[in-house]
Amino acid sequence: MRDSPITGNLLLLPHMLRKAGIPVGVGQSADYIEAVGLVDVTVRDQVYHASRSILVNQFEQLALFDTIFNRFWRFVSAPHQVQEQAPRIKPKPIRPKRRMDIVELMAQKAGQAEQEVEFQDKAETYSYAESLQSKDIGAMNDEEIAIVRQLIQEVDWPIVQRRTRRKVSHPQGNQLDQRQILRSAMKHNGTPIRLAWQQPKLKQRPIVLLADISGSMEKYSRMTLHFFYSVTHRLKGVESFVFGTRLTRLTPMLKLKNVDVAITDAGHQVIDWSGGTRIGESLHAFNREWSRRVVRRGALVIIISDGWERGDVSQLNQEMRYLHHRCHRLIWLNPLSGQETYEPRVEGMAAALCYVDDFLPIQNLQSLYEFSEHLSRLS
């Protein structure tokens, strides 16, 4: 490996990636050191491709990796850093200069360089993530969208519970457990020695997700699928549907473990992507074919749409009334409602709004966090 400022800072790149949210294991770091040792560390492209092939496992991480690598390369190739990191060896006329290996160089500069990069990287990463929380998803570039997709997968979705008719024993219950009391009495010659209590058993409410993927929702459609994937893998009993001019069920595809494969397969199943909008007809198909199977036992129904209806508004009104009657709570998430000047004046949104229990925005990451808190209060 040639002498270069990067030689003494190889482990800083995995360190910066971990701080930014990309998981890098010890084995990956060792393989990365070995891979970089096989290339010319003075050539940026060689170091970049060797690093990316080892440290990146998912396509969604590429944009964030490029940002972190550019920051890392600027740090190690800065002129003042080169002078500071050059090993100082006194010239000896008899002995040739001893070439310091990579272990000694890293040990020599680990303390000073790590403190500087850790402070700078942590501050920049956290401030960058905070600025993305309030930015509209439709106005983000590819790099910002990649970061937000990872943050969506980390959202902690609460379990919305319901009381069932079944009773379970509980020391702090509010009802007497007569069966348990009789069993205790039979063991002690008919005299119960203690009282037993019970309370209704709690179970998670089923959740039904319906998203508009028409042309007017194109800027938010892909991010909506990542939202569906996150909820599906955090909670049980989640059913996912999308609609434009027709209804498509995506539940089986979104249950795959790999998020990239799941989103890709889900996108291939939709044939009316970024097309027209017929909310009434799509809800009619859902109520006729799926509502009795998935909207049961106090289900929560969540619709994501801007309310632009191109079909019959009276049909939308009728289907919303039927759906509101069957579910426990009907929630409508509108990416436009977060704007200060927004008013639900379009016919579709105005017709559906009278049957909606909760009308909330979903235009950025912050609104997604607030929606998660709203669900926790429903329990």
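No hydrogens, no waters, no symmetry mates; every other heavy atom, side chains included, goes into these values.
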Is any side-chain heavy atom of [Y] closer than 4.5 Å to one of [X]?
X: L368; Y: F227; answer: yes
X: P14; Y: Q28; answer: no
X: R222; Y: W273; answer: yes
X: L235; Y: V160; answer: no
X: R44; Y: F69; answer: yes
X: L209; Y: I304; answer: no
X: Y322; Y: S291; answer: yes
X: H374; Y: R377; answer: yes

Report yes or no: do [X] and [Y] belong to one cluster of Ile/Leu/Val/Met/Phe/Trp/Tyr joined by side chain heavy-atom distances under 4.5 Å?
X: I33; Y: M16; value: yes
X: V231; Y: L378; value: yes
X: I207; Y: L330; value: no
X: L12; Y: V56; value: yes
X: L254; Y: L300; value: yes

Measure the spacing between [atom1] of [X] and [atom2] of [Y] and express it to the nearest 0.5 Å.
X: S29; Y: L55; atom1: OG; atom2: CG; value: 6.5 Å
X: L62; Y: D142; atom1: CG; atom2: CG; value: 11.5 Å
X: I147; Y: Q61; atom1: CD1; atom2: CD; value: 12.0 Å
X: I279; Y: L316; atom1: CD1; atom2: CG; value: 6.0 Å
X: R278; Y: R246; atom1: CZ; atom2: CZ; value: 13.5 Å
X: I213; Y: T277; atom1: CD1; atom2: OG1; value: 8.5 Å

Side-chain donor or acceptor of [X] paired with backbone N/O of [Y] under 3.5 Å:
X: E144; Y: N141; value: yes
X: Q46; Y: D40; value: yes
X: T164; Y: L202; value: no
X: H15; Y: L10; value: no
X: R293; Y: W290; value: no
X: Q153; Y: H226; value: yes
X: S376; Y: E373; value: yes
X: E309; Y: G311; value: yes
X: Y229; Y: K255; value: no
X: R234; Y: V155; value: yes

Open item on the list: Can you classify the ring geometry of F241 versus F286 as parallel (below 30°), tilted (30 to 60°) or perpendicular (above 60°)?
Closed with: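 F241 and F286: perpendicular rings.
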- [ ] Can you label the angle between the Y48 ring and the F65 ring as parallel, tilted or perpendicular, going by 30° and 60°?
- [x]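 Rings of Y48 and F65: tilted, 30 to 60°.
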Quick check on [X]: does its [atom1] atom have over 12 non-hydrogen neighbours (other residues, nucleotides or ligands) under 6.0 Å away?
X: R292; atom1: CZ; result: no
X: K203; atom1: NZ; result: no
X: E34; atom1: CD; result: no
X: E218; atom1: CD; result: no
X: R297; atom1: CZ; result: no

TODO: Any side chain to side chain donor-acceptor pair (under 3.5 Å) involving residues 154-163? Give me the pairs, sequence neighbours left out, ordered by first then second residue.
DONE: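 Listed by first then second residue: W157-S230.
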TODO: Check step by step if side-chain contact (heavy atoms from CB on, under 4.5 Å) holds for Q133 and L365.
DONE: CA-CA 5 Å; Q133 292 185 11; L365 194 60; 4.1 Å; yes
TODO: Take E143 and T67 through the side chain to side chain donor-acceptor pair (under 3.5 Å) test and state the conclusion after the steps.
DONE: CA-CA 8 Å; E143 177 184 344; T67 303; 2.4 Å; yes
Task: Step-by-step side-chain contact (heavy atoms from CB on, under 4.5 Å) determination, R149 to M223 - done: CA-CA 7 Å; R149 285 174 179 174; M223 200 65 66; 3.8 Å; yes
- [ ] Determine, step by step, whether H324 and D357 satisfy the side chain to side chain donor-acceptor pair (under 3.5 Å) criterion, reporting the C-alpha distance in whole Å, the side-chain angles of both residues, the deciding distance to 0.1 Å, and the verdict.
- [x] CA-CA 9 Å; H324 180 264; D357 296 309; 3.2 Å; yes
Closest heavy-atom pair and its distance - [X], [Y]:
X: E319; Y: G280; result: CG-O, 3.7 Å
X: M253; Y: A262; result: O-CB, 3.4 Å
X: N317; Y: C354; result: ND2-SG, 4.4 Å
X: I331; Y: F371; result: CG2-CE1, 4.0 Å
X: I145; Y: M140; result: CG1-CB, 3.7 Å
X: G244; Y: D272; result: N-OD2, 3.2 Å

Task: side chain to side chain donor-acceptor pair (under 3.5 Å) between Q366 and S134, worked out - done: CA-CA 6 Å; Q366 180 62 33; S134 58; over 6 Å; no
Task: side chain to side chain donor-acceptor pair (under 3.5 Å) partner of Y220, chosen from D136, D306, D212 - done: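 Exactly one pass, corresponding to D136.
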- [ ] Before giving the answer on side-chain contact (heavy atoms from CB on, under 4.5 Å), spell out for Y355 and L323 the whole-Å C-alpha distance, their side-chain angles and the decisive distance to 0.1 Å.
- [x] CA-CA 9 Å; Y355 301 105; L323 187 58; over 6 Å; no
- [ ] I would like to know whether F228 and V238 meet side-chain contact (heavy atoms from CB on, under 4.5 Å); could you show each step before the answer?
- [x] CA-CA 9 Å; F228 280 14; V238 179; over 6 Å; no
